[in-house]
2 protein chains.
Amino acid sequence: MSRPEQRSLHFNLFIHDTGHHEASWRLPESEPLAHIDVAYHQRLARIAEDAKFDSLFLADSPALWGDPGRRPSGRLEPTVLLTALAVSTSRIGLIATASTSYNEPYNLARRFASLDHVSGGRAGWNIVTTAGDAAARNFGLEGQPTHAERYDRAAEFIEVSTKLWDSWEDDAVVADKDRGVHAEADRVHRFGHVGRHFRVDGPLNVPRSPQAHPLLVQAGSSEDGKDFAARYAEAVFTAQPTLEEGQAFYADVKRRAVAAGRDPEGVKILPGIVPVIGDTEAEARELDAELDRLIQPEYAKLQLATLLGLDPDRFALDEELPSDLPEEDEIEGSKSRYTLIVQLARRERLTVRQLIGRLGGGRGHRTFTGTPVQVADTIQHWFEHGAADGFNIMPAVLPSGLEVFVQRVVPILQERGLFRTEYTGRTLREHYGLPRPANRFASTLVGA
Amino acid sequence: MSRPEQRSLHFNLFIHDTGHHEASWRLPESEPLAHIDVAYHQRLARIAEDAKFDSLFLADSPALWGDPGRRPSGRLEPTVLLTALAVSTSRIGLIATASTSYNEPYNLARRFASLDHVSGGRAGWNIVTTAGDAAARNFGLEGQPTHAERYDRAAEFIEVSTKLWDSWEDDAVVADKDRGVHAEADRVHRFGHVGRHFRVDGPLNVPRSPQAHPLLVQAGSSEDGKDFAARYAEAVFTAQPTLEEGQAFYADVKRRAVAAGRDPEGVKILPGIVPVIGDTEAEARELDAELDRLIQPEYAKLQLATLLGLDPDRFALDEELPSDLPEEDEIEGSKSRYTLIVQLARRERLTVRQLIGRLGGGRGHRTFTGTPVQVADTIQHWFEHGAADGFNIMPAVLPSGLEVFVQRVVPILQERGLFRTEYTGRTLREHYGLPRPANRFASTLVGA
Ligand SMILES: Cc1cc2nc3c(=O)[nH]c(=O)nc-3n(C[C@H](O)[C@H](O)[C@H](O)COP(=O)(O)O)c2cc1C
Ligand SMILES: Cc1cc2nc3c(=O)[nH]c(=O)nc-3n(C[C@H](O)[C@H](O)[C@H](O)COP(=O)(O)O)c2cc1C
């Protein structure tokens with residue numbers, strides 16, 4: 001048992017093919033078809049579970065992003081892949097990204113409820129609004145809805161989803177064979193939602209799941225994104241390049257949560273970090289550099305342009321970004337990512353080539369480079385100085401980057417009493433110390 | 001190895017909670033929470049796989065059907081549940097029902113491609129248009145689109161889905177680390193579909209899967225349904241109450257397939273049968289009667305009314321159906337099911353109570369009641385007299401009804417050389433003797 005009074009770190013494993021680094025697939029050790037290989041993902045999940053990680057996570061977009069030529073692209077749909085992992089693990093949480101812009105609440109709420117049943121209460125949903133026109137054009141649209149419109153739909157999407165998950169009360173199913181009553185019909189609710197984006201009668205066709213709702217995770221950091229997080233999210237993934245920015249973001253989201261009437265402890269902030277670990281600091285730096293040499297700059301430039309929503313011909317590899325870039329409020333794609341990248345480039349006066357090097361490894365997430373103790377120290381420092389409740393661990397290369405982290409950094413943090421040595425809970429919510437939601441439709445018990 | 005020249009039976013297991021019979025959940029042996037229990041489904045899948053069944057199958061609708069009070073209702077979403085089964089089996093095919101009326105092709109095609117990857121080529125899709133207003137009202141509509149409109153959308157849905165599955169050529173992924181080329185970009189196609197119902201740019205974000213396309217299964221038997229089957233389906237589930245009707249249906253669908261320019265062998269016809277097996281014929285009949293006694297007639301009357309789309313107050317339990325029912329062409333729900341039930345009641349002059357008894361066990365599917373040899377004989381007779389290429393096995397009670405069938409009937413059919421004793425193929429298509437589809441976008445090799 002861990003001491004409940006002590007605040008504990010939370011770790012989420014970000015799984016992205018052979019690693020978060022653009023060029024990781026080109027390393028001799030990397031499995032070329034990892035991205036469509038279930039056994040590979042099962043291996044990663046088991047390593048993270050053996051290390052007592054809270055959860056693992058899959059990013060997603062309903063479109064092929066970028067040029068399939070240059071890195072693994074196209075992969076298994078996250079709710080499907082996580083179901084496969086649910087069956088081959090027993091404790092680790094399973095967080096799938098899914099878009100509120102290109103799904104229907106009924107279909108998606110069902111799949112998360114089903115995954116929660118299959119996993120015994122380990123499902124989480126990374127709620128994204130999906131930036132970019134490519135996805136929109138797979139769903140009947142010419143281009144993406146505006147940023148504000150996407151977040152407006154996202155909010156109603158969550159309202160509808162939580163109604164669907166609440167539409168079966170916990171004690172609805174009685175399975176009384178003698179009376180021939182399987183469920184008490186008055187504890188199954190047809191709520192009849194009618195809103196600006198959705199009309200959904202209900203009830204859901206899945207009985208209430210172990211966690212009641214999947215853990216709600218969010219990863220947008222624009223103003224709208226932070227307000228959305230403050231209202232709905234229970235965990236927030238974020239890219240914070242410096243401690244100071246991390247602290248400001250942390251304080252900002254917690255403050256917004258309080259303003260929205262919530263317990264700030266109910267929103268866990270998890271910055272992404274790319275750990276690059278060596279026996280010496282120099283060795284760690286060499287590892288980092290080796291990967292950057294595998295990046296193909298012309299292709300990366302194209303990706304950068306797509307990410308920023310700008311014309312690639314306006315960039316030159318050995319010059320800084322053009323000075324007349326649009327402001328964040330003119331951006332309809334991923335606002336916070338745009339600002340983060342542009343600010344990083346300006347602050348450090350990086351050429352496009354240098355910027356690409358920085359993004360190849362971390363894409364704006366913070367790279368923690370050093371010896372195991374140095375990396376553990378930095379984690380502890382962020383955790384104890386108001387920048388993080390835990391971390392989204394994004395190894396540059398998989399599985400090796402994960403293996404090094406769990407073998408060399410995790411034990412240090414466990415020794416310091418900062419990270420669990422055994423799971424104490426069964427569900428994903430229990431791992432994060434978050435409550436099981438009450439049911440809005442539950443009958444009030446009069447005189448009971 | 002089976003002798004390839006000999007035609008072989010195909011068996012699909014229809015899994016529906018504790019069995020196809022309305023009241024099966026009330027038996028002492030039945031697991032009350034079977035419908036949301038993965039381990040229960042894994043057990044069934046293994047029994048069917050040990051018996052060398054071609055496939056198993058899950059029905060589905062994106063709505064809660066009927067009154068949740070009276071039988072298990074609400075269950076796990078099929079693509080999720082089948083993924084869990086994919087990981088715990090190795091040979092049996094996995095067929096999920098999914099609606100073309102209430103999904104987007106991009107999302108659904110992805111999930112089937114993903115399931116096909118996870119299962120190593122064992123995914124099948126039972127394509128349904130979903131009758132009834134309840135589902136429509138979970139997706140922003142007041143009521144269901146017309147029957148014709150649903151089939152029109154279904155046809156375009158399949159066109160788009162097959163384009164998505166073809167959007168990656170088989171040899172697109174090269175994973176050439178030295179050149180830094182993961183896929184040959186000119187073998188990944190953005191096809192830009194624009195039609196009456198859908199606009200989808202592509203490509204899919206899943207590389208081509210083992211079977212290329214999941215097996216396409218269909219289960220509508222109206223005129224539109226049969227035309228649809230003839231154009232697209234590779235296997236057809238159907239409810240045929242008598243041998244003669246089965247023969248007529250079989251000939252009709254094969255004829256339509258030929259008219260559509262297809263090989264009639266490429267469409268397998270699988271009538272549903274409910275085997276009720278006893279050591280003696282009398283024992284089998286007693287088993288049947290025992291289940292019918294557990295049916296709750298008032299509730300069943302309500303369900304019947306819903307199924308027929310009629311007012312329940314127009315029925316009396318101990319009278320025949322009213323004589324002034326609408327004709328099939330006035331029905332916008334499930335046309336063929338409507339006609340089948342009404343004809344059955346008229347032909348045998350059944351009261352509503354008697355009709356309910358017949359439907360409780362088979363819902364219009366044929367019940368094969370008798371000793372193991374009698375049931376095997378009837379199967380062989382249908383198979384050899386132009387009524388079936390195989391059967392959709394719908395046990396009234398699960399798992400016991402399946403166990404009796406595989407222990408007592410399957411060995412007889414194997415002995416007669418009518419059913420495999422070992423799997424000879426790896427994929428679902430191989431089990432059914434169906435080809436892997438060619439790729440419409442594959443580059444023509446000039447001079448190769
Ligand atoms: C760690 C992390 C993971 C993310 N994963 C996804 C993802 O899988 N899919 C996606 O569409 N967006 C993803 N995002 C982007 C955000 O969810 C969000 O859509 C984007 O930042 C735009 O929102 P904003 O303008 O509020 O920042 C991720 C962001 C972070 C920090
Ligand atoms: C064995 C069998 C299984 C079926 N399963 C489903 C199902 O899971 N979901 C569904 O909506 N319809 C299902 N149906 C109904 C048909 O797919 C079809 O939607 C219905 O019969 C209406 O089409 P029709 O008017 O062309 O007959 C099934 C039919 C049969 C014979």
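Every chain is numbered from 1 and lettered A, B, ... according to where its sequence line falls, protein lines coming before strand lines.
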Any idea which of [options] has the most non-hydrogen atom pairs under 4.5 angstrom with chain A?
| options | value |
| --- | --- |
| B:Ala172, B:Ala63, B:Ala136, B:Ala175 | B:Ala63 |
| B:Pro32, B:Gly180, B:Ala185 | B:Gly180 |
| B:Val38, B:Val87, B:Asn138, B:Leu76 | B:Asn138 |

>> Would you say that A:Arg199 contacts B:Arg137 through its side chain, given a criterion of any heavy-atom pair below 4.5 Å between the two side chains?
In response: yes
> Quick one: are A:Asn107 and B:Asn103 in side-chain contact, heavy atoms under 4.5 Å?
Replying inline: yes
Counting only non-hydrogen atoms closer than 4.5 Å, does [X] touch chain B with its backbone (N, CA, C, O), its side chain (CB onward), both, or neither?
| X | value |
| --- | --- |
| A:Leu27 | backbone |
| A:Arg187 | neither |
| A:Val188 | side chain |
| A:Leu85 | neither |
| A:Asp178 | backbone |
| A:Ser167 | neither |

Based on non-hydrogen pairs under 4.5 Å, which of [options] is most in contact with chain B?
| options | result |
| --- | --- |
| A:Ser209, A:Ser73, A:Ala86, A:Ala134 | A:Ser73 |
| A:Gln42, A:Arg70, A:His193 | A:Arg70 |
| A:Gly192, A:Ser88, A:Ser30 | A:Ser30 |
| A:Gly140, A:Pro28, A:Pro62 | A:Pro62 |

Tell me the closest heavy-atom pair linking [X] and [Y], and the distance in Å.
| X | Y | result |
| --- | --- | --- |
| A:Val80 | B:Leu115 | CG1-N, 4.2 Å |
| A:Lys177 | B:Arg26 | O-NE, 2.8 Å |
| B:Arg75 | A:Ser114 | O-OG, 4.4 Å |
| B:Tyr106 | A:Leu64 | OH-N, 3.8 Å |
| A:Ala84 | B:Thr83 | N-CG2, 3.7 Å |

At a heavy-atom separation under 4.5 Å, does [X] approach chain A through its side chain, its backbone, both, or neither?
| X | answer |
| --- | --- |
| B:Pro105 | neither |
| B:Phe198 | neither |
| B:Asp176 | backbone |
| B:Leu33 | side chain |

>> Between A:His35 and B:His117, is the ring centroid distance below 6.0 Å?
In response: no
> Would the number of heavy atoms belonging to other residues, nucleotides or ligands and lying under 6.0 Å from CZ of B:Arg43 be above 12?
Replying inline: yes
> Around A:Glu29, counting heavy atoms of other residues, nucleotides and ligands shown, do more than 12 lie under 6.0 Å from its CD?
Replying inline: yes
>> Let's go through A:Glu104 and B:Glu104 carefully: what are the C-alpha distance in whole Å and the side-chain angles of both, what is the deciding distance for side-chain contact (heavy atoms from CB on, under 4.5 Å) to 0.1 Å, and is it a yes or a no?
In response: CA-CA 9 Å; A:Glu104 286 285 334; B:Glu104 286 285 334; 5.9 Å; no
>> If the condition is ring-ring contact (aromatic ring centres under 6.0 Å, His included), which residues does A:Trp125 pass it with, not counting sequence neighbours?
In response: A:Phe112, A:Phe157
> CZ of B:Arg71 to NE2 of A:His182: how many Å apart, nearest 0.5 Å?
Replying inline: 8.5 Å
>> Suppose a student defines contact as a heavy atom less than 4.5 Å from any heavy atom of chain A. Which residues in residues 200-207 of chain B would they list?
In response: B:Val200, B:Asp201, B:Gly202, B:Pro203, B:Leu204, B:Asn205, B:Val206, B:Pro207
> Taking NZ, NE, NH1 and NH2 as the nitrogens, is one of them in A:Arg110 or B:Asp60 under 4.0 Å from a carboxylate oxygen of the other?
Replying inline: yes
